[in-house]
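The analysis underlying the following values was restricted to heavy atoms, covering all of them including side chains, and did not include hydrogens, waters or symmetry mates. We count ligands from 1, going down the list as the structure has it; atoms in each ligand are counted the same way. Treat the numbers as computed from the prediction; the structure is a model and nothing was measured.
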Amino acid sequence: MPLEIVTIPCLSDNYAFLAHDAASGNTALIDAPEAGPILAELDRRGWTLSHVLLTHHHYDHVDGLPAILEKHTAKVIGAAADAHRLPPLDQQVSDGDTFELGGEQVQVLDVSGHTVGHIAFYMPQSAAVFTADSLMALGCGRLFEGTAPQMWASLSKLAALPDDTIVCSGHEYTQSNAKFALTVDPDNAALQDRAADIDRARAANEPTVPSTLALENATNPFLRAADPAIQAHLGMAGADPAAVFAEIRARKDRF
Ligand code: ZN
Ligand code: FE
């Protein structure tokens, strides 16, 4: 049985997620931007946290944790590399590690770039990956600590997961990401369609997260640095995709 995944809007534009295993009753929280909405959702569903999975140390992904742990006793799991700047961890994990959540074998992926030490959690049986500020809907996180080649390697790892994987990312930035994406990949019909869908969803105040990896691979310019049309549009035909990615990221920073 796949885990039941619930998206919780937090702060102004963050998302936290719950992953619930009905058989065991285990429930994981992925990132803790803000206690109020997360505790309310757990209450409403009658779920008790068993795990908290942290993707990276930024305040908008961890600040809600102390107040949540006052109400729930959960095992807090985060990157060994970031243990010194994350809240206290009960389990430290690294790239390639796995751990059990209900019936799911969760895989830890290092996706450094936004920060060095950022991890993603991949749940293959549930076909879901929790990417926070690495791969985002139509975007990727800003390079605060890592290099462009490092982020390109992280995104390439995520892009290679099965196409039907649900991408649970950390922010509602998709509408502005779409405006930028159209400047580097203007003739992509799938991107044009997605941009229209996003405008409709946002006008109705609906979230655009999660998305699917198939959709990201077809439309997200940060995954498409090897695409001939994008390379030609940037005047970089035949260039190393890591260099094309770096150019796209630099343009987004100026956008
Ligand atoms: Zn962040
Ligand atoms: Fe963030």
Exercise for the section: Go through Glu172 and Arg202 one step at a time and tell me if the salt bridge (charged side-chain N to carboxylate O under 4.0 Å, His left out) criterion holds. Expected result: CA-CA 10 Å; Glu172 184 59 61; Arg202 295 312 293 153; 3.8 Å; yes
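Within Asp60, the N/O/S atom positioned nearest the Fe ion (ligand 2) carries the name OD2.
Taking the Zn ion (ligand 1) as the corner point, the angle from Asp133 atom OD2 to His114 atom NE2 is about 90° (rounded to 10 degrees). Here the angle at the Fe ion (ligand 2) defined by NE2 in His61 and OD2 in Asp133 stands at 90°, rounded to 10 degrees.
Between His56 and His114, the ring planes lie perpendicular to each other; the angle is over 60°, past the 30° to 60° tilted range. The aromatic rings of Phe180 and Phe222 lie parallel to each other, their planes meeting at an angle below 30°, with 60° marking the opposite boundary.
The Zn ion (ligand 1) has an N, O or S atom of His56 closer than 2.8 Å. In summary, no N, O or S atom of His114 is located under 2.8 Å from the Fe ion (ligand 2). The nearest N, O or S atom of His58 is closer to the Zn ion (ligand 1) than 2.8 Å. With 2.8 Å as the limit, Asp60 does not count as an N, O or S neighbour of the Zn ion (ligand 1).
For His118 and His61, the ring centers are positioned 6.0 Å apart or more.
Cluster membership for Leu223 and Trp152, using ILVMFWY side-chain heavy atoms within less than 4.5 angstrom, is shared. Residues Ile38 and Leu86 share a hydrophobic cluster, clusters being chains of Ile/Leu/Val/Met/Phe/Trp/Tyr side chains in contact below 4.5 Å.
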